[in-house]
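Below, all heavy atoms of this structure are taken into account, side chains as well, without hydrogens, waters or symmetry copies. Since we're looking at a predicted model, the values are computed, not measured. Throughout, protein chains are lettered first and strands after them, A, B, ... in sequence-line order, and every chain is numbered starting at 1.
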2 protein chains.
Amino acid sequence: MDFYRTMGYVALGSYMRRLGEISQQASAQIYQMYGMDFEVKWFPVFLAIAENEFETVSKIAEYIGQSHVGVSLMVKEMSKSGFVETQKGITDKRETLVKLTPKGQQMQLRMNELLEDLQDTMTEVKNECETDVLRALMEYEQVILRKGLPERIKARLKTRERNKVKIIHLDPTNDAHRAAFKRINYEWIEKYFKVEPLDMESLENPDTFYINKGGLVLLAEYQGNIVGTSALKPMTADSMELSKMGVDSNAKGLGIGELLGQAIIEEGKRLGLKRLYLETNSRLLPALNLYQKLGFKTVKDFSSPYSRADVAMELWL
Amino acid sequence: MDFYRTMGYVALGSYMRRLGEISQQASAQIYQMYGMDFEVKWFPVFLAIAENEFETVSKIAEYIGQSHVGVSLMVKEMSKSGFVETQKGITDKRETLVKLTPKGQQMQLRMNELLEDLQDTMTEVKNECETDVLRALMEYEQVILRKGLPERIKARLKTRERNKVKIIHLDPTNDAHRAAFKRINYEWIEKYFKVEPLDMESLENPDTFYINKGGLVLLAEYQGNIVGTSALKPMTADSMELSKMGVDSNAKGLGIGELLGQAIIEEGKRLGLKRLYLETNSRLLPALNLYQKLGFKTVKDFSSPYSRADVAMELWL
DNA sequence: ATAATTTGCGTAAGTAATTACGTAAATTAA
DNA sequence: TTAATTTACGTAATTACTTACGCAAATTAT
């Protein structure tokens with residue numbers, strides 16, 4: 001059992017389960033001491049019925065926080081042992097109403113004695129503990145109910161994975177680079193628009209279209225795969241056009257677009273550019289948001305060789 | 001889930017188990033988020049192996065606090081999934097040594113990332129809680145390890161049951177009383193000694209032997225049954241002899257002898273007696289202890305009509 | 001050296017729950 | 001009113017363990 005001590009909070013869930021199981025074993029012993037021929041697992045169901053006669057299966061289930069199936073099975077068992085009896089609902093014929101039999105009421109009397117003693121015993125235990133376990137547990141429950149562990153860990157996972165993304169320059173001699181550049185961009189263009197002649201020219205020849213003209217193509221590499229692209233094409237002496245910004249649909253959500261955008265801006269500054277320009281489409285909301293986040297501002301009047309372009313933006317470096 | 005709030009400390013065990021289960025469900029989600037094709041239940045076993053290569057099944061079991069069977073099954077599953085491999089021990093051929101495969105080591109890397117993030121997340125949760133759940137749980141474990149719940153509750157159960165014992169006068173017209181008086185005393189006499197003529201006379205005729213002579217017979221009633229007897233027979237004007245002190249073997253441990261003894265002393269005082277006298281046998285240690293506890297002192301020289309009597313005691317009221 | 005006990009592990013069976021799924025009644029929407 | 005949805009419940013299958021038991025190797029006692 002050293003494990004839980006070593007792991008600490010990380011294994012808290014397992015630790016709680018184990019402690020709970022140990023306690024339940026103790027409960028079984030206690031029932032026996034009180035001469036009760038009664039299964040520990042019946043305890044919550046039994047008390048729910050004892051407290052409130054003619055409860056239905058699902059109400060009991062909700063009250064004690066178990067599945068209705070579990071309650072249904074236990075009611076059946078307890079019924080077989082003669083502690084409870086069931087009848088179908090009158091107003092709602094789907095319901096199964098459960099109540100104690102005389103034997104069950106007998107058991108309830110004994111149970112009350114046990115509970116009284118257990119109450120006292122637990123108070124004794126509580127007093128021996130410096131911290132109030134129950135309060136701590138209830139508080140913990142509230143905290144993870146407010147925001148669950150998966151939700152909490154999500155942000156950390158994202159930044160961790162994001163840090164694994166490397167931004168590299170497209171190498172025209174690398175076939176994998178050229179293939180990924182084509183694949184990723186064809187994917188989004190075909191999904192939302194139609195492939196235009198200029199798309200084909202640029203995607204097939206990144207070297208002559210971008211790099212040899214003084215521009216560049218950046219790729220995002222993640223887990224050995226190329227999962228994002230972006231390109232800069234010279235316009236004037238101190239301005240270039242950003243385009244072919246695409247992220248593999250399997251790698252969405254990691255913020256790869258933002259990483260590429262930031263890298264492009266860095267490259268622009270490094271090249272001594274004054275202005276970055278881009279054209280996009282108003283339907284591409286995530287893209288628009290990204291460009292805005294990066295600092296691009298909408299340009300009113302423009303003309304474009306691409307028929308899909310209905311928005312233009314620029315960023316002064 | 002209102003149940004646990006209503007029951008408080010009494011349902012602490014079940015509550016811990018439920019919370020633990022909820023946490024483990026969250027863990028399953030988290031593993032999926034990290035793209036790990038890994039079962040939650042493997043977690044402790046896997047970490048044990050990762051920490052210490054070539055662990056044996058039972059050492060892992062002890063470390064993580066589960067049965068060796070469980071570990072054995074999990075190792076088998078993990079082996080099938082390719083995360084670990086096993087080999088028989090060299091020095092001890094019964095042992096099964098377990099170590100990570102290359103695939104398992106790969107998983108360990110990812111696991112370490114997860115653990116790091118989980119660590120941070122749990123620290124976050126911990127900081128949101130006023131009380132330290134883990135510390136509270138560990139303290140609770142220590143407290144119930146020092147003295148378990150069944151042991152703690154035992155004393156309370158005993159006093160509760162003891163309070164249900166009623167001391168009544170034998171009613172010579174009540175056949176059940178007469179039968180119980182015979183049964184209980186024949187039981188112990190036959191077990192340790194031989195029934196003597198005086199026994200038969202007194203047990204068959206409690207009225208003429210005790211009551212009509214100014215003495216009395218007290219019975220202990222528990223749950224509708226007579227479970228203990230004791231009798232006073234006049235000796236002189238202000239002293240009587242205590243005898244036929246017996247407790248049903250099914251009702252031992254409730255302190256019924258003590259209750260009877262105390263009642264006898266009360267009766268003696270009520271009757272204005274100065275001295276109670278009794279004869280017993282040195283083999284009956286529990287009885288000797290009881291008489292001592294009640295205040296009786298050994299008498300040196302005496303003679304008795306019973307052959308089994310080798311100790312005599314008296315109590316001055 | 002032999003016998004008895006302990007230890008390590010695995011198979012089989014059992015347990016206390018669950019999820020998946022189906023049926024029928026009740027409720028709501030069209 | 002009919003259709004669609006929700007609710008209440010139960011059966012069957014699954015899960016994550018456990019205990020019971022047995023075998024064989026190792027250790028201890030005689």
For a quick check under 3.5 Å, do B:D132 and A:Y140 share a side-chain donor-acceptor pair by atom type? no
Taking 4.0 Å as the cut-off, does a side-chain nitrogen or oxygen of B:T56 come that near to OP1 or OP2 on C:dG8? no
DNA chain D: 5'-proximal contact among A:Q25 and B:E77 (nearest heavy atom): B:E77
Nearest whole angstrom, please: distance from the P of C:dA17 to the CD of B:E21. 8 Å
Ionic contact status for A:R110 with B:E161, cut-off 4.0 Å: yes
Looking only at the side chains, is there a donor atom on one of A:Y34 and A:D117 sitting less than 3.5 Å from an acceptor on the other? yes
Hey, does A:E39 reach any base, or is it just sugar-phosphate, or nothing, if we go heavy atoms under 4.0 Å? sugar-phosphate
Can you check the B:H68 NE2 to D:dC23 P distance for me, whole Å? 15 Å
Atom-to-atom span, CZ of A:R18 to C1' of D:dT18 - whole angstrom: 10 Å
Determine the interplanar angle of the B:F38 and B:Y31 rings, folded into 0 to 90°, and report it as parallel if under 30°, tilted if 30 to 60°, perpendicular if over 60°. tilted
Quickly work out the A:Q66 CD to C:dA16 P distance and round it to whole Å. 12 Å
Just how far, in rounded Å, is C1' of C:dT19 from CG of A:L73? 13 Å
When the distance from NZ of A:K59 to P of D:dC9 is rounded to whole Å, what number comes out? 9 Å
Whether A:R17 contacts D:dC17 is assessed here as follows: a side-chain N or O lying under 4.0 Å from the phosphate OP1 or OP2. Is that the case? yes
Side chains of residues 71-79 of chain B: which donor-acceptor partners sit under 3.5 Å, not counting sequence neighbours?
| unit_1 | atom_1 | unit_2 | atom_2 | d |
| --- | --- | --- | --- | --- |
| B:E77 | OE1 | B:K41 | NZ | 3.1 |
| B:E77 | OE1 | B:W42 | NE1 | 3.0 |
| B:E77 | OE2 | B:K41 | NZ | 3.2 |

Residues A:E141 and B:Y4: side-chain donor-acceptor under 3.5 angstrom: no
Worked verdict on A:R152 versus B:E128 for salt bridge (charged side-chain N to carboxylate O under 4.0 Å, His left out): CA-CA 12 Å; A:R152 285 169 190 272; B:E128 278 180 42; 2.8 Å; yes
Starting at the 5' end of DNA chain C, which residue's closest nucleotide do you reach first, B:S58 or A:M74? B:S58
Whole Å only: how far is the CD atom of B:E55 from the C1' atom of C:dC9? 15 Å
Using heavy atoms and a sub-4.0 Å distance, could you list which residues of residues 79-100 of chain A are near DNA chain D? By number, please. A:R94, A:E95, A:T96
When you check the phosphate oxygens OP1 and OP2 of C:dC9, does a side-chain N or O of B:S72 lie under 4.0 Å from one of them? no
Can you tell me how far C1' of D:dC9 sits from NZ of A:K76, to the nearest Å? 12 Å
